[in-house]
Engineer: 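Structure incoming, see below.
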Amino acid sequence: MIDLSVESLSQSILNHLHRMAHTEQSADTQAWYQALASALSEQTNHDLISTEQFCEQHALRHVNYLSMEFLIGRLTANNLINMDLYQLAQQTLAQWQVELADVLEQERDPALGNGGLGRLAACYLDGLVSQGYPAVGYGLHYEYGLFKQYFESNQQRETADCWQGERGYPWQVKRPELNQEVGFFGHVEVYRDEQGKMRRRWHTSMNVKGVAWDIPVLGYRNQCVMPLRLWEAQAIEPFEFERFDASDYTGAHQSQIDASNITQLLYPNDNHQQGKRLRLMQQYFHCACSLRDILRRHLGAGHRLETLPQLQTIQLNDTHPAIAIPELMRLLLDEYHYEWKQAWQICQQTFAYTNHTLLPEALERWSEALIKEVLPRHMEIIFEINYRLLLEVDKHWPDDIEKRSTLSIIQEQPYRQVRMANLCVAGSYKVNGVAAMHSELVKQNLFPEFDALYPNRLCNVTNGITPRRWLKQCNPALASWLDRHVGEQWPLQLDDLRDIEPLATQPQAQQEYMAIKRQNKQRLAAWVEKNLGIALNVDAIFDVQIKRLHEYKRQHLNLLHILSLYYRILHEPDFEMHPRVFIFAAKAAPGYVFAKQIIHAINCVAQVINQDERVGDKLKIVFIPDYRVSVAELIVPAADVSEQISMAGKEASGTGNMKLALNGAITMGTLDGANVEIAEEVGDENLFIFGLTVEEIDGLDQQGYQPMHFVHCSPLLTQTLDFMMDEQFGHEVIADMAAIRHNLEHADPYKVLADFDAYVAAQKSLEESYLDTAKWAEMAMLNTARMGKFSSDRSIQDYVNQIWRLQSIESVHTQQAAQG
Ligand SMILES: *Cc1c(COP(=O)(O)O)cnc(C)c1O
């Protein structure tokens, strides 16, 4: 039980200050932050242990969420809210004239993820613990998270992200008693055991230590705390070598690769595979440490491996942890001496896999040569899994070579590669997509043969976001307004927000709601003025596109629209528009040239437009650097319009769309990912849908897509593309503008030009709605009211019902109470 008073919290904070060689007089804001977070972190350890003990005593089934990324964001404010200690912390600091809000701003975001996939993992841990479902998150303890972004001459530059800071990150606890050891490289020995049975044994030639760090995940006001366990790779000390097979540990690789390199950095690619050896080593290191820890917990509680599937399920967040499947097989076969059939049954009943993308460049394939070098035993096991899979395929479709080659885990051309997604489908009892539309496309386009071979294995769980962080924490004004109107249970029952529907047409409530939006816009405007020196008019429409920079997300479609507005302001004397502020935030992967060209183009256009007196405050463009969770928390509550304009069929779900709609931004979107379900929930009249559908895009492709056709049909598009090359945007950007234009006119793989006219028209109609202030307020309020479905609690419930079959801690308490 966390039981704190102002006195006890003060004492603890002062102790931590002293430990850092500070006094209340000498402490700066950073020191106060460190002391506060350390004091709180200390409090959570007791609940972490008691939650774990309760689950073990009652032999509760756990979900183990394996993810290479957890984009958790700042923890102190979130944890204060979940512990219901926000006011107490405020009062405690006030006695030293210290502002809690200033202290919280000192925290850096642990950026241990790229974007949506990592943020989803964080929202799911929050949802699991808040509903008391036994869970452990397993990830990597990167020394450097996602790079920090800044702009120089309007171009993206990157620097290292030292998220732990000088004094270390106060929310993590080292757990040396949980450390593991993991090997790489080497060779496979074939030998006969005492019974004369042929067995295999992997002799590794490089071994590293996996150091366990726990970050506590706190449930919302339920005293449950569960671990996010992150593994850090370290060299094994020379004096520890004797514990290993003496013949191999000094092998070639031990000295060549520095063990700590393995978890040095997060690969900055989003939706794109690079195929680097160190990345494969990261993946295996992550899986090997996590599996050993899962088996330690299971066997340590006195259970047998046969019951692993009853007590543990392992969710693979994309294929990044796919190597866990052959690794569990290896442990069962080589170390615990199970027969293949039984080992495979245990595996198949333990793993479940989430597919996050259909983009071909993001589907992981590892070359046979690389796997053989780094993980020779796993390559053998993968071949055996594939051999048996193809026997099943032959039984189902006799002599069908085509079926064999599409279902095969091994791809032969242009060189032999392992298809990690096929491995995951074969080795899992459930496979889910992340939104209804995406899951349908997974069935129809990606895995139709698997769907026929294994009926009912493919399913859908639509993504969700935690309303604790994405409403209660980031939008306190709206949160307390909602408390007054629907009661205080909404953070755990987001469907309660439906109760504000009747208010959506009441002038008084509309004014209150829009006053809160305005206040949030002022907060963002003040931040922009202070940090970027751009003055914003809060009467303007705040039109927001915040997400990774990727061609398929089509930030360049947004740019074309902006250019078309600018062109018309300059060249059409009677053109009128309501003032708009376009807000971007986006990182491009450092090696993604085209994405960086788009950033450069947006920044150069912004610089010209923002300084053009002829434009006045009709148009402003702000590119907020270093997009991360804390930046999203600032922008989301201030948005009027949410840009979700990916080419239909390419955005698996999106979650930014959910954060923004929940906070009353109106979606301008294509029929893609979860936009489809958002439209169903909020109603077609409360958002703007435009553009080609998946079917229409298929039709265009079949005809042979001709982007120039759309240029010839649209005078505004023709003018806009010409205008891109205007000298006034600066000589430095001409080459990048030309590259973008050339891409659009000659390839346009994401059909930007085909959607341009529809986009411009939808934007015009959005503007008309905005001018009707009562109508707009009603639309915004109905968005907030009807987003209950997109709580991560609902997603977790769907996972529990369809896949995980967990029992909550609370339901055990209820059972016990009923039994007296
Ligand atoms: C929510 C979130 C994302 C995902 O945004 P999409 O619009 O769904 O791509 C990416 N990065 C951060 C920091 C987020 O908070």
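In what follows, every heavy atom counts, from backbone to side chain, and hydrogens, waters and symmetry copies are set aside. These figures come from a predicted structure and were not determined experimentally. Each ligand, and each atom within it, is numbered from 1 in the order the structure gives. Residue numbers start at 1 and run along the sequence shown.
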Engineer: Mark up the atoms of ligand 1 that fall under 4.0 Å of a heavy atom belonging to Gly115, in ascending order.
Structural biologist: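 Those qualifying, in numeric order: 10 (C), 11 (N).
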
Engineer: Once side chain to side chain donor-acceptor pair (under 3.5 Å) is applied, do any residues pair with Arg518, and if so which ones, sequence neighbours excluded?
Structural biologist: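 Testing Arg518 for side chain to side chain donor-acceptor pair (under 3.5 Å), a comparison that skips the adjacent residues, returns Asp539.
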
Engineer: Hey, is Glu633 close enough to Lys659 for a salt bridge, meaning N to O under 4.0 Å?
Structural biologist: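 Salt bridge absent between Glu633 and Lys659.
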
Engineer: Closer than 4.0 Å to some heavy atom of Gly654 - which atoms of ligand 1 meet that?
Structural biologist: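 Counting from 1, the qualifying ligand atoms are 8 (O).
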
Engineer: With sequence neighbours left out, which residue pairs that include part of residues 643-655 fulfil the salt bridge (Lys or Arg N to Asp or Glu O under 4.0 Å) condition?
Structural biologist: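 Listed by first then second residue: Lys553-Glu651.
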
Engineer: What orientation do Tyr65 and Trp804 show, parallel under 30°, tilted 30 to 60°, or perpendicular over 60°?
Structural biologist: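 It falls in the perpendicular class, over 60°.
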
Engineer: Identify, for atom 11 (N) of ligand 1, the protein heavy atom at the shortest distance, and state residue, atom and that distance.
Structural biologist: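 Nearest neighbour among protein heavy atoms for atom 11 (N) of ligand 1, to 0.1 Å: Tyr627 CE2, 3.5 Å.
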
Engineer: Check the angle between the aromatic planes of Trp776 and Phe688 and answer parallel, tilted or perpendicular using the 30° and 60° thresholds.
Structural biologist: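 Answer is parallel, since the angle falls under 30°.
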
Engineer: Below a 4.0 angstrom heavy-atom separation, can you tell me which part of Lys553, side chain or backbone, both or neither, approaches ligand 1?
Structural biologist: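 Side chain only; the backbone of Lys553 stays clear of ligand 1.
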
Engineer: Just jot down the ligand 1 atoms closer than 4.0 angstrom to any heavy atom of Trp470, in number order.
Structural biologist: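 Near Trp470, the atoms of ligand 1 are 15 (O).
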
Engineer: Which atoms of ligand 1 sit under 4.0 Å from any heavy atom of Arg628?
Structural biologist: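 Near Arg628, the atoms of ligand 1 are 13 (C).
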
Engineer: Would you call Asp640-Lys521 a salt bridge at under 4.0 Å N-O?
Structural biologist: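 Yes, charged N to carboxylate O under 4.0 Å.
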
Engineer: Check each of Arg119, Lys659, Lys547 against atom 2 (C) of ligand 1 and report the one with the nearest heavy atom.
Structural biologist: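 The nearest heavy atom belongs to Lys659.
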
Engineer: May I ask you to list the atoms of ligand 1 that are less than 4.0 angstrom from any heavy atom of Gly116?
Structural biologist: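 That gives atoms 3 (C), 4 (C), 10 (C) of ligand 1.
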
Engineer: Nearest protein heavy atom to atom 5 (O) of ligand 1, by residue and atom, and its distance?
Structural biologist: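 For atom 5 (O) of ligand 1, the nearest protein heavy atom comes out as Gly656 N, 3.8 Å.
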
Engineer: Heavy-atom contacts with Thr655 under 4.0 Å: which atoms of ligand 1 show up? List them by number with element.
Structural biologist: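 Numbered from 1, ligand 1 contributes 1 (C), 4 (C), 8 (O).
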
Engineer: Less than 4.0 angstrom from a charged side-chain N to a carboxylate O is my criterion; do Arg468 and Asp126 meet it?
Structural biologist: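 Yes, this pair counts.
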
